[in-house]
Every structure is written in C-alpha cells, then in structure tokens.
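Below is one structure; the comments refer to it alone.
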Amino acid sequence: MPVVMPLASILLLLALWQAAALLVGGRLLPGPMPVAQALLREAESGALFHHMGVTLLRVLAAFALAMSIGVGLGLPMGRSPFVDRLFGPWLVFFLNLPALVVIVLAYVWFGLTEAAAIGAVAVNKIPNTVVLVRAGARAIDEGLIDMARVYRLSPADRLRHVLLPQLTPTIAAAARSGLALIWKIVLVVELLGRSDGVGFQINLLFQTFDVAGILAYTIAFVAVVQLLEYGVLQPVERHCQRWRRMPAEA
Amino acid sequence: MRGLTLSAAAGEVVALVGPSGCGKTTALGIVAGLDRAFDGVVEVGPRQNGGPARLGYVFQEPRLLPWRTVRQNLALVLPRAQRRGPAVDLMLDALELSQFADRFPTQLSLGMARRVALARAFVVEPDLLLMDEPFVSLDEPTALRLRGLLSQLLDRRPATVLLVTHNLREALALADRLLLLAPSPGRVVAEVPVTVPRAVRDDHAVEALRRELLARPEPAFRLLA
C-alpha cells in the first residue's frame, strides 16, 4: 500500500503539531483546527485565491525567465572552454550574492515595479541553473556531436535533437530545485515591495500577530507547489524520458 | 601518421586494412572534417550535378539518437524539405526495417542498430561514404547478412567508399582495392587491387583471395596474419 506510509507520516506531524499547540497554547502556536478555520475564512473572502494567484503568476514568470537564461548561459559554458573562462568569474560572484541584496538593489534601481520584482527573483536562481546545466553539458556524448557535424545538422536541429534531450535530467533537476527556491524568494520580494501576493499578505498578518493566518497561507501555497511538481513537472519529465523505459528487444 | 596518401576514384570502394593503432579511424576523421589537427590536404570532388559532396558516415558504434525513433533518426539527417518525403520509408523498406520504424534504438539489438546506422548513411544518398569497422562485434551470420545488404545498396546506388576494417575477409568481400596500413608512423605499405567483380565474389572467391594474400612474401603482408 503506497499511500499508507505518507498518510501515517502526515497524521504523525498533525498529532505533534496539535500536542505542541496544546503545550504552548493560544495565539503563539494555534493548532490544526484554528488554522483550518483561518484557511476557510480567507478562502470565503476570496483573498486567498487572489493573493495566491498573483504569487503563482510571479513564480511562473520568474521560473521561466531563470530556466531559459540559465540554460542559455550554462549550455555554451559547458561546451566552450572560452565562454566558460569568460563568464566563470561572474558566476562565482552571482552565486555568492545574497538574495536580499539583489532584491533591494533591484527595487532601488528599477523602482517598486513588477519587472524589478520578477527580475530580482530570476537573478537569484540563474547562477544555480547555470552551474547544473554547465555540468550536464560537459558530460554530453561527443560521439553524437560528431554524428551531427558529419550529417550537417542545422544549429537549431542540434539543439533540439542532440543537445537538449541529453540535458533533460539536468534541466529537470534544476527545475525542481528552482521551483522550491523561487517561491520562497518571491514571498520576500512581495513583502518588501509589492502590494499583493502571499508575501504581502503574510506581512499584514504578521503586523496583527495572526499566526493562524500565516500558517494557513503557508500550507495552501506548499500544497500548490507540490501540485505543480506532481501535476506538471513530473509528467513532462516522464514524457521526455519515455525512450528509457522501453523494454529491450530479445 | 606521416606521409599518408590515399585517393579513391568516384564510385570506388577502398578498404583501409591494418592492425589497431595505425591511424585508420583518425584518417576517416580527417577526411570527414571532424579532426582538424593535422598538416595536409583533403580534397573531395563536387557532386555530379554540382554542389558540395554529401557525406555518409557509419561509425564504429551505431551512434543513433536514443531519444528519437528509428524513423526520426533517418529523417533528421535529411534536409528539412525531404523529411516527410518517401525517402525514409523506402530506405527502411530496403533494409527490412519497416516494422521497427517507430521503435527507439534502446529497443534494438546491436545488429539491428547497425542496420539502422547503415540506413541513415544511405538515406542521404552519399557521394562519399566513410565506414569505420561498421560490422565489428557482431556474430558472423549477422555480419555476413549486413555485408550482403551493403553490397546490394552499393549496386543500386554507387558511392565512393572508404571502409576501415581489420577483418581481411570483410575487406576482400566488399572492396575494389585494399590499402594495407602499418603503424608508427601510420602509412600505406601495400596496395592490392581486387579484380574479381563484387557481384561474383562469393565465400570461396574471398577465401581464395585471402590465402593468396597471406602467402605473399613481402613484409607488408606479414602484418595481416
């Protein structure tokens, strides 16, 4: 029974939470029931869906931006030592740049705008994607590259049929860690400089010391991100890897 | 390699025979333009109807794209306009691969994958076909069958072929001319024309030619044994 263990695990967590809530008590740590009530309240008012929708759009925009730029830089860096030496030091710099610095500077330089918010989130994820994709690109099968050269495949065909399929596992790993990282940073960006979204809402709830509300938003958003992972990322990855699962001919 | 000179007339099948390490594969890489770290000249004539010569290459390993089906592997090497045309299916048919058209290469045996690689090389209608031990590590009946298919394909549509092999029987069965190579430095040490037409070269003829070569007294032929 594959569902038994995860279910037991979640029940255990809920039990521990309830016990801790009873021990600490009241406003500081509300138990599962008050949080569920807060969730219901926010859902009924429509605030939950509005703020989650806005945050989700920001997550998707930053994700798309970070993945395409990350692959666009990581692939040439993995394939060409010259490009790698040219951009390698930049990578070290951006890898060590704190997320908060990027966000604050983006708002200072570009104003409290949507583009600044999404751009700042993407900049935080790009270096990590570049590192992963570069490593994947270095491990590409040279034999297939030679084949593509001999048969004069166009650059577009080489990318689509020779390079990217080999990078699928790498890109999938980058996408997975990227989704988790990006939604966390999006909340910070919203808290600092947007007037809607889950991050903005959590800031409001923080000021009224509404811990139940904060937990309600958190749980709702974690659920959405998990849904994206299982509902979108994993099926796409399975489709790209279908050739691996084919049984060999006897 | 030093002072390696070889030429092939249009439509001629030339076999490069020699022990491993004498630069056979390197020579093919240079002709194909894959290896540019050499001093020398490679000249490939134009197509009969003008335009640059088309190249086919059968590598030592099949080198098929594992994430594309057999049909897609063949279609990809064609110019975009021809991919949906009949060429791919005709070639699959000629090599008795039609029933495997929608399989992925991971589902094929090595012999079958090599046959697809052969189909891919021929579907571009190559003017120059480079083959690097195309039938190595196959069991003898499968290798024999593939050699037969290659021979048929060449009869139907001649191409200039450079065939690298360490298998003397294979070279004698397919080539119009053998070049024997020796290592360090890699060079041509003997040239053997095969005068019997390919169509009438059966196993006995090949075996007779092989005995004849092995019996030659010159030192170059001792490398073959």
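Order of the sequence lines fixes the chain letters, A, B, ..., with proteins taken first and strands second; residue numbering starts at 1 for each chain. What's counted below: heavy atoms across the whole structure, side chains too, no hydrogens, waters or symmetry copies.
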Part of [X] within contact of chain A (heavy atom distance under 4.5 Å):
X	result
Leu130(B)	neither
Arg80(B)	side chain
Val77(B)	both
Tyr57(B)	both
Arg68(B)	side chain

Next item on the list: Examine whether an atom of Asp157(A) lies under 4.5 Å from a heavy atom of chain B, and if so say whether it belongs to the side chain, the backbone or both; otherwise answer neither.
Entry: side chain
Checklist line | Between Pro66(B), Pro105(B), Pro79(B), the one whose heavy-atom pairs under 4.5 Å with chain A are most numerous | finding: Pro66(B)
Checklist line | Ring center gap for Phe221(A) and Trp183(A) short of 6.0 angstrom | finding: yes
Margin query: Could you measure the distance from the CG atom of Leu149(B) to the CZ atom of Phe122(B)? Nearest 0.5 Å is fine.
Written below: 10.0 Å
Margin query: Between Arg176(A) and Glu237(A), does any NZ, NE, NH1 or NH2 come within less than 4.0 Å of an OD or OE carboxylate oxygen?
Written below: yes
Next item on the list: May I have all residue pairs that pass salt bridge (charged side-chain N to carboxylate O under 4.0 Å, His left out) and include part of residues 58-87 of chain A, sequence neighbours excluded?
Entry: Arg58(A)-Glu114(A), Arg58(A)-Glu190(A), Arg58(A)-Asp196(A), Arg79(A)-Glu142(A), Asp84(A)-Arg134(A), Asp84(A)-Arg138(A)
Notebook entry, point to check: Quick one: does NZ or CZ of Arg103(B) land under 6.0 Å from the six-membered ring centre of Phe100(B), within 45 degrees of the ring axis?
Noted result: no
Next item on the list: Could you tell me how the ring of His51(A) sits relative to the ring of Tyr217(A): parallel (under 30°), tilted (30 to 60°) or perpendicular (over 60°)?
Entry: perpendicular
